[in-house]
Amino acid sequence: MWSSFASFTVLALVSRSLAATYSLNQNYVGTDFLTAWTHEAIADPTNGRVNYVDQATATSLNLTYANGDTLIMRADDTTVLSASGPGRNSVRIRSNAEFTHHVAVFDIRHMPQGCATWPAVWETAETNWPNGGEVDILEGVNDETPDSITLHTGAGCTMPASGQTMLGALTSTDCNANDNGNAGCGVRAPSANSYGPTFNAQGGGFYAMERNSDFIKVWFWSHSDGGVPSDLSTGASSVDTDNWGTPTALFPNTDCDIDEEFSANNIIINLTLCGDWAGQAAVFNGAGCPGDCVDYVNNNPSSFSNAYWDIAAVRVYV
Ligand SMILES: *[C@@H]1O[C@H](CO)[C@@H](O)[C@H](O)[C@H]1NC(C)=O
Ligand SMILES: *[C@@H]1O[C@H](CO)[C@@H](O)[C@H](O)[C@H]1NC(C)=O
């Protein structure tokens, strides 16, 4: 029989270890993306040269292909577009479920690459933007590595200018979407293999995001890295983020009430082309991409043959 002292100690240890332990809530693989997510055939809010198609269109054109442990989503790579017509067919999907405190794990074999591409894996509450918050986990433009990890919020959320224990580098501290042209508060990942062609050349990787009242963290491991936490890589029934090491990005609640700034969010995976970021002449040409972004998209379908996602799984733990 345990003494009361012993049971007290055990309880204290248990509650401490539970703090960063989460249980599998959603395991999205293959055709789950057709039944538990929605293709959003909407006008691109970022003014890209894309035409987001619905699920029936995406599957019939094979822009979305779900089978076994594979989800492929791509931009059309065969059609020359009329300058006066709609943009290039592409795909944007959103999880039907929404999440508050959670861990999301993304096992990605390939991400869209090519001039004009602006892919993103992110979370937001679309009907309450920016007051429900936005977490951009994997995002960039025109093949320019590394990954940018960014929060966009309503008023009153900033990040400390220094002191975060993280692998990435702080690029901006004001998360308020109404300031600085919606630049948000951001972190640059440290390694080239976190984004685009280098990410793909190394077999893709794992992204993971943890959100609780105290912080938002993002981790990245290339599939070619050693030391990937086994609970994360195997899709275990529970994960303990305390064992995942220093995150790539850490956004603490020091000057940002995370539970106030972030409501329940959906997960979104999108691929736009050109638009407010990728399409700016200085950004497009600065990345070594030729001419005008919209002309490039209209006239060069074959340059989008690598503009596809290949996603092995998205797992959510709560
Ligand atoms: C795509 O994702 C980014 C997230 O970083 C978001 O800001 C942008 O509005 C999205 N664009 C489209 C067209 O869905
Ligand atoms: C659809 O795309 C998948 C993945 O790229 C490919 O394996 C399959 O052959 C394609 N199907 C057709 C009918 O083209």
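Whatever order the structure lists ligands and atoms in, that order sets their numbers, starting from 1.
- Hydrophobic clustering (side-chain heavy atoms under 4.5 Å, transitive across Ile, Leu, Val, Met, Phe, Trp, Tyr) keeps V294 apart from L271.
- Inspection of the E139 and W122 side chains reveals no N or O donor paired with an N or O acceptor under 3.5 Å.
- If you check which protein heavy atom lies closest to atom 1 (C) of ligand 2, you get N62 ND2, 1.5 Å.
- Considering backbone and side-chain N/O atoms, R74 comes within less than 3.5 Å of an N/O atom of ligand 2.
- With sequence neighbours excluded, the residues forming a side chain to side chain contact (heavy atoms under 4.5 Å, CB included) with D76 are L63, T78, T79, R88, N89, listed by chain and number.
- Side-chain polar atoms of H152 and N176 form no donor-acceptor pair below 3.5 angstrom.
- Protein non-hydrogen atoms do not reach within 4.0 Å of atom 9 (O) of ligand 2.
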